[in-house]
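For reference, the structure is listed below as structure tokens.
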Amino acid sequence: MTAATRDVVVAGGVEPAYDLRGVTFDYALSETTAWLAIFDAGRGAGSAGLVVSAALAAYRAARREGHGLHGQERAVDKALSTRFGVGATVRGTLAEVDLALGNLRHLEAGGEAPLVLGTGHGATTVDSARRSPFGAGTPGRVSTARLRPGDLLVLHTEGLSDARSADGARFSLAGSLDANAGNVPPEIARRVLQAAKSHCHNTFTGDAGLLLAHWPGTP
């Protein structure tokens, strides 16, 4: 759930931990780049686990073959349509961070737009151009942003940001991130997921996935 190099710290988690059905995340780190992805096949379909696993496998294969975000996107689309036919879709976000400059490139396929939490400013949503979910075959547009030293990049699923209390109030993901900003990424992930779990009394309507990447900036 956690990994680190001199240039980046990554941490993540999922809930409900013992009843997870359709959410997963992945990351890979090199000396120059951090690759991040989160996928959400929902909880309704009995095949959600198989569908999200196929998406993850296709993404990993494309990434290891050196494909960029569009190549990864095409690989996931093809894997879902080939294996499961029309109608099998997965929401998700693909991202890569240039660890020398902090340049962020990301692509949302029905997934939630990333958030960035930084020193001196609260959690803000990164501008994005969402396409339809993976499997629908509609090409997306890669969006770009520039991280500042000390920024925390946040990928998440709708099941986390849409967790509801008994009276229907939504969980404040941005507020929880702000409240825990002074902690290291693994502790932020743990505290935010625990806060969401408490907020909805562990009755998540969707799987909650969270993936964080802290970029300290160049020395």
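Values reported hereafter were calculated over all heavy atoms of this structure, with side chains retained and with hydrogens, waters and symmetry mates removed.
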Calculate, to the nearest 0.5 Å, the distance between atoms [atom1] and [atom2] belonging to [X] and [Y] respectively.
X    : Y    : atom1 : atom2 : value
R43  : L20  : CZ    : CG    : 7.5 Å
T24  : D40  : OG1   : CG    : 10.5 Å
M1   : L212 : CE    : CG    : 12.0 Å
K197 : E15  : NZ    : CD    : 4.5 Å
F39  : L56  : CZ    : CG    : 6.0 Å
T33  : N103 : OG1   : CG    : 10.5 Å

Under the side chain to side chain donor-acceptor pair (under 3.5 Å) test, residues paired with [X] that sit two or more places apart:
X    : answer
S132 : T138
H70  : E73
R105 : E96
T5   : none

Do [X] side-chain atoms and [Y] backbone N/O form a donor-acceptor pair below 3.5 Å?
X    : Y    : value
T157 : G209 : yes
D207 : R21  : yes
S47  : L50  : no
R146 : L101 : yes
W215 : G150 : no
N180 : L177 : no

[X]: which residues meet the side chain to side chain contact (heavy atoms under 4.5 Å, CB included) condition with it, sequence neighbours left out?
X    : answer
S53  : none
R170 : S161, D162, R164
T93  : I38, E108, P114, L155
S198 : Q194

What I'd like to find out is whether the side chain of [X] reaches to under 4.5 Å of the side chain of [Y], using heavy atoms alone.
X    : Y    : answer
L104 : T144 : no
S143 : V126 : no
V90  : V76  : no
P185 : L152 : yes

Check against side-chain contact (heavy atoms from CB on, under 4.5 Å), V97 and V8: CA-CA 10 Å; V97 180; V8 66; over 6 Å; no
Could you pull out the closest heavy-atom pair between [X] and [Y], with the gap in Å?
X    : Y    : value
A123 : L117 : N-CD1, 3.4 Å
A75  : A58  : O-CB, 3.6 Å
L211 : A37  : CD2-O, 3.6 Å
A62  : G71  : CB-O, 4.1 Å
A208 : L193 : O-CD2, 4.3 Å
S30  : L99  : O-CD1, 3.7 Å

Give the C-alpha distance, both sets of side-chain angles, the deciding distance and a yes or no for side-chain contact (heavy atoms from CB on, under 4.5 Å) between V184 and I188. CA-CA 6 Å; V184 294; I188 294 174; over 6 Å; no
Does the side-chain contact (heavy atoms from CB on, under 4.5 Å) test come out yes or no for V10 and T2, once each step is laid out? CA-CA 6 Å; V10 177; T2 303; over 6 Å; no
Could you list all the side chain to side chain donor-acceptor pair (under 3.5 Å) pairs where at least one residue sits in residues 76-90, not counting sequence neighbours? D77-R131
Quick one: which residue pairs count as a side chain to side chain donor-acceptor pair (under 3.5 Å) with a foot in residues 54-66, not counting sequence neighbours?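 Pairs touching residues 54-66 that pass the test: D26-R60, D26-R63, E65-H67.
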Show the numbers, then the answer: is there a side-chain contact (heavy atoms from CB on, under 4.5 Å) between L115 and T124? CA-CA 5 Å; L115 301 173; T124 57; over 6 Å; no
Quick one: which residue pairs count as a ring-ring contact (aromatic ring centres under 6.0 Å, His included) with a foot in residues 138-196, not counting sequence neighbours? F171-H199
Are L94 and V154 connected in the hydrophobic side-chain network, where two residues link if heavy atoms are under 4.5 Å apart?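 Shared cluster, no.
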Quick one: name the residues clustered hydrophobically with V9, using the 4.5 Å side-chain heavy-atom rule over I, L, V, M, F, W, Y, and just say none if it's on its own. none
